[in-house]
Visitor: 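Got a structure for you, written out below as C-alpha cells; questions coming shortly.
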Amino acid sequence: MDAKVLFNEKFKDNIKCRVCPHNCMLSEGKFGICSVRTLKSDIPIAINYGEIASCGVDPIEKKPLYHFKPSKNILSVGTFGCNMTCTFCQNHEISQNRPQTQYISTNKLINIINEVENNAGIAFTYNEPFMWYEYIYDVAKSIKEVNPNTSVVIVTNGYINEEPLMKLLPYVDAMNIDLKGYTNKYYNKICGAKLDPVLETIRRCNDHCHVEITTLLVRDENDSIEEASEIAKFIASVNENIPLHLSRYFPRYKMNNAATKVECIIEAQREAKKYLKYVYVGNVDGIDNNTYCPKCNELLIRRNGYNTEVMIEDNRCRKCGEEINIII
Ligand code: SF4
C-alpha cells in the first residue's frame with residue numbers, strides 16, 4: 001500500500017526525500033536508492049506501507065539482544081527495501097528485490113502481538129526498518145498509546161537522518177544497531193554508505209533507549225585487531241555498558257571471501273573487552289556467551305544456543321551489587 005513519505009522537501013521541480021542521509025531526489029516513477037520511495041502524481045510515496053514480506057516468532061537473543069528481556073520471544077516482521085547495498089547481505093531476497101507481501105493493518109498487527117506466548121513485543125527486522133518508516137512510526141505510536149508495556153525493538157543499520165529518528169525514538173524501547181566497520185572506505189566499498197551518520201545514530205539512540213551493537217567481522221576487510229580496537233573505543237566513548245556482538249562472516253550473496261577465522265574473532269573479542277564491559281561472539285559454535293558481572297565475575301545469564309537461563313532479578317549483581325546494564 002502507498003503512504004506519503006513523512007520527511008521530504010521541495011527542491012526546484014523535484015522532491016527530496018529526507019528520511020536517510022542519501023537524501024535522494026525523487027522524480028515521477030523514479031525510485032530512491034532504497035527502491036521503495038518515489039514520486040506519484042507529484043506526491044512522494046513509500047510503496048511498502050503495511051506490506052509484510054517476512055514474519056516469525058524468534059527468541060529475542062536472535063536479534064541479537066542479550067541484555068533486553070532475556071529469554072523472551074519477540075514477534076518479528078519485515079518488508080522489502082534497503083538504503084545500503086552490503087555485498088554480504090543475508091537477506092538480499094527482500095532487501096534488494098521485491099518479494100511477495102501481505103498487507104497487515106496496524107490494528108491487526110497489534111492484535112497478533114498479543115497472541116504470541118512469552119512475548120516481549122514486536123521487532124522490526126529482516127530488512128532495514130527505517131525503509132518502512134511511515135508504517136513502523138504508526139505501529140510503534142499506537143502500541144505505546146494502547147499498551148506501553150509492549151516493547152518496540154528495531155534492528156537497523158542506523159542510516160537515518162536526525163529528524164525522523166528523533167520523532168520515532170519516544171516509541172522505541174530497544175535497538176540493535178549495526179556498526180559495520182570503522183572506516184569510510186569499508187562503508188563506501190562494501191555497503192554503499194558513509195560511516196559518520198551511523199556513529200551519530202548510535203550516540204542519539206544511547207540517550208533514549210536500550211542499545212546493543214553488532215559488527216560482522218568480514219575476513220580481510222574489517223577483521224583486523226586495529227579495527228576491533230577502534231570500534232570498541234568509539235562505543236566506550238558513548239557508553240562502556242553497551243553490549244557489542246562480534247559476528248563471524250560466512251560467504252553470502254556477492255561476497256566470496258572465505259569465512260572469517262575463529263581465531264580472529266576471539267582476538268577481536270579480547271581486544272574489545274579492554275574497553276567494553278560486555279562483548280559477545282556470534283555465529284561460532286561452542287563459545288562461552290554467558291553474561292558475567294564485570295566487577296566480581298558472578299554468572300548472571302547462562303546461554304546455550306537460544307536456551308537462556310536468567311539468574312538475575314533486577315539490574316544488580318546478586319553477589320556484589322554491581323549495577324548491570326540489563327532490562328529484565
Ligand atoms: S529513504 Fe530511500 S529514497 Fe529516501 S533518502 Fe533514503 S534511500 Fe533515498
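Counting convention: from 1, in listed order, for ligands and their atoms alike. Values reported hereafter were calculated over all heavy atoms of this structure, with side chains retained and with hydrogens, waters and symmetry mates removed. Numbers here are sequence positions counted from 1.
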Visitor: Determine the interplanar angle of the H210 and H67 rings, folded into 0 to 90°, and report it as parallel if under 30°, tilted if 30 to 60°, perpendicular if over 60°.
Guide: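 Ring orientation of H210 relative to H67: parallel.
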Visitor: List ligand 1 atoms under 4.0 Å from G32, heavy atoms only on the residue side.
Guide: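 Answer for ligand 1: 3 (S).
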Visitor: Distance to 0.1 Å, residue and atom name: give those for the protein heavy atom nearest to atom 8 (Fe) of ligand 1.
Guide: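 Ranking protein heavy atoms by distance from atom 8 (Fe) of ligand 1, first comes C24 SG, 2.3 Å.
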Visitor: How close does the nearest protein non-hydrogen atom get to atom 1 (S) of ligand 1, and which residue and atom is it?
Guide: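 In this structure, atom 1 (S) of ligand 1 has R37 NH1, 3.4 Å as its nearest protein heavy atom.
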Visitor: For Y133 and F130, take the angle between the two ring planes, folded into 0 to 90°, and tell me which bin it lands in: parallel under 30, tilted 30 to 60, perpendicular over 60.
Guide: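 Plane angle between 30° and 60°, so tilted.
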Visitor: Please check if the number of heavy atoms outside E28 that lie under 6.0 Å from its CD is greater than 12.
Guide: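 Atom CD in E28 is crowded, with more than 12 foreign heavy atoms closer than 6.0 Å.
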Visitor: Near atom 4 (Fe) of ligand 1, is there an N/O/S atom from C17 that is less than 2.8 Å away?
Guide: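 It does: C17 brings an N, O or S atom closer than 2.8 Å to atom 4 (Fe) of ligand 1.
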Visitor: Please say whether more than 12 non-hydrogen atoms of neighbouring residues, nucleotides or ligands are located less than 6.0 Å from NZ in K12.
Guide: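 Incorrect, the count does not exceed 12.
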Visitor: Tell me whether atom 8 (Fe) of ligand 1 has C34 as a neighbour, meaning an N, O or S atom of it below 2.8 Å.
Guide: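 It does not: C34 brings no N, O or S atom closer than 2.8 Å to atom 8 (Fe) of ligand 1.
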Visitor: Should the proximity of V36 to ligand 1, defined as any heavy atom under 4.0 Å, be assigned to the side chain, the backbone, both, or neither?
Guide: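 No part of V36 comes within reach of ligand 1.
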Visitor: Would you please classify the geometry between the H245 ring and the Y66 ring as parallel, tilted or perpendicular, with 30° and 60° separating the classes?
Guide: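 Ring orientation, 0 to 90° scale: perpendicular.
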Visitor: Within a 6.0 Å radius of atom CD on E313, are there more than 12 heavy atoms belonging to other residues, nucleotides or ligands?
Guide: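 At most 12 heavy atoms, drawn from other residues, nucleotides or ligands, come within 6.0 Å of this atom.
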Visitor: Give the atom numbers and elements of ligand 1 that come within less than 4.0 Å of a heavy atom of N23.
Guide: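 By the 4.0 Å cutoff, the relevant atoms are 5 (S).
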Visitor: Among S35, C20, P164, whose heavy atom sits nearest atom 6 (Fe) of ligand 1?
Guide: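 Closest candidate by heavy-atom distance is C20.
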